K.L.:
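Here you go, one structure.
Below, all heavy atoms of this structure are taken into account, side chains as well, without hydrogens, waters or symmetry copies. All values reported here derive from a predicted model rather than from experimental measurement. Indexing begins at 1, ligand by ligand and atom by atom, following the structure's order.
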Amino acid sequence: MERTQPIAVFDSGLGGLTVLRALRGRLPHEDYFYFADTRFLPYGDRPESFLKERGVLIARALEKRGAKALVIACNTATAAAAEAIRAAIKLPVVALEPGVKPAVALTRSGVIGVLATTRTLHSERFQRLVGNHAAGHQVLAQACPGLAEAIEMRGAHSPEVAALLDEFVLPLAAAGADVVALGCTHYPWVAEAIARRLPAGTRLLDTGEAVARQLERLLAAGNLLGGGGGHLTVATSGAPASVGATVDRLWGQHLPVEHWEP
Ligand code: DGL
């Protein structure tokens, strides 16, 4: 493995760009290959067996394409497939999960909100996370079906997204949550709209920074840190033109998008 090889990052769509932003902030000189599996968006309503198979297929293809590390920038794919992916490839793998541990450290009311996909919240991995770290706390696990898809297809500021946020976020405020974990990488795109629906002072937790620190540690341990030129390639299993338009809107700057089939 060479230090000059890119870091692969994948998600069901463009939520993982919120993680990529944190990775590039911390490790700006690395090269990145970002893959949005748009053809299968949303992952959140798909069966675990499908996500496991798809996750392993993507991870193997990214390894073969020449990645030096893999970041699973998707809570849903992590919940369903992280263990299978780690077993299937030789690359260092960074996975992410809703910030239940930091939420427990921060809460004063003892009431924690978690916004995530249905698949993430129903996973064994999430149940274990809550069982191991949130004993004695009230965890409001709020599934948000349709939200990731609406952010991409309708736009972060669309009436559809606003209606879904009213439905999913207002009950957390009513129940007294003072910390809310954004347990899906799409949700940081609407963090301000979420914050507006919660009392002032409510903490929102995004895991991008923690993922970046973990990636840096793993690369350093494998003597794989540095060596790139800060280059970014964005690819999708969907239609590059329409995905590209959404990338430009969310990222706030034009990024070319190519087609890639794992
Ligand atoms: N961005 C993804 C996550 O972090 C999943 C969104 C979806 O495809 O349902 O869970």
K.L.:
Is there a heavy atom in Cys74 that sits closer than 4.0 Å to ligand 1?
P.N.:
yes
K.L.:
So is Thr117 polar-close to ligand 1, meaning N/O to N/O under 3.5 Å?
P.N.:
no
K.L.:
Relative to the heavy atoms of Gly44, which atoms of ligand 1 are at a distance of less than 4.0 Å?
P.N.:
7 (C), 8 (O), 9 (O)
K.L.:
A side-chain contact here means heavy atoms from C-beta on lying under 4.5 Å apart; do Val114 and Leu172 qualify?
P.N.:
no
K.L.:
State, yes or no, whether a side-chain contact exists between Tyr187 and Leu204 at a heavy-atom distance under 4.5 Å.
P.N.:
no
K.L.:
Side chains of Thr202 and Asp178 only: does a donor on one sit below 3.5 Å from an acceptor on the other?
P.N.:
no
K.L.:
Give a yes or no answer on whether the side chain of Asp11 reaches the backbone of Ala36 with a donor-acceptor pair at less than 3.5 Å.
P.N.:
no
K.L.:
By number and element, which atoms of ligand 1 are closer than 4.0 Å to a non-hydrogen atom of Leu41?
P.N.:
8 (O)
K.L.:
Would a line drawn from the ring center of Phe10 to the ring center of Phe33 be shorter than 6.0 Å?
P.N.:
no
K.L.:
With heavy atoms of Cys184 as the reference, note each atom of ligand 1 found under 4.0 Å away.
P.N.:
1 (N), 2 (C), 3 (C), 4 (O), 5 (C), 6 (C), 10 (O)
K.L.:
Which ligand 1 atoms, with their elements, are less than 4.0 angstrom from a heavy-atom of His186?
P.N.:
1 (N), 2 (C), 6 (C)
K.L.:
May I ask you to identify the nearest protein heavy atom to atom 7 (C) of ligand 1, giving residue, atom name and distance to one decimal place in Å?
P.N.:
Tyr43 N, 3.3 Å
K.L.:
Using a strict 4.0 Å cut-off to heavy atoms of Asn75, name the atoms of ligand 1 that fall inside it.
P.N.:
3 (C), 4 (O), 10 (O)
K.L.:
Mark yes or no for whether Ser109, through its side chain, and Gly176, through its backbone, hold a donor-acceptor pair below 3.5 Å.
P.N.:
yes
K.L.:
In terms of atom number and element, which parts of ligand 1 are under 4.0 angstrom from non-hydrogen atoms of Ser12?
P.N.:
5 (C), 6 (C), 7 (C), 8 (O)
K.L.:
Under the criterion side-chain contact (heavy atoms from CB on, under 4.5 Å), which of Val247, Val243, Leu14 is the partner of Glu152?
P.N.:
Leu14
K.L.:
With heavy atoms of Thr76 as the reference, note each atom of ligand 1 found under 4.0 Å away.
P.N.:
3 (C), 5 (C), 10 (O)
K.L.:
Less than 3.5 Å apart, any donor N or O on the side chain of Thr76 or Thr117 sitting next to an acceptor on the other?
P.N.:
yes
K.L.:
List every atom of ligand 1 that sits less than 4.0 Å from any heavy atom of Asp11, numbering the atoms from 1 in the order shown and giving each element.
P.N.:
1 (N), 2 (C)
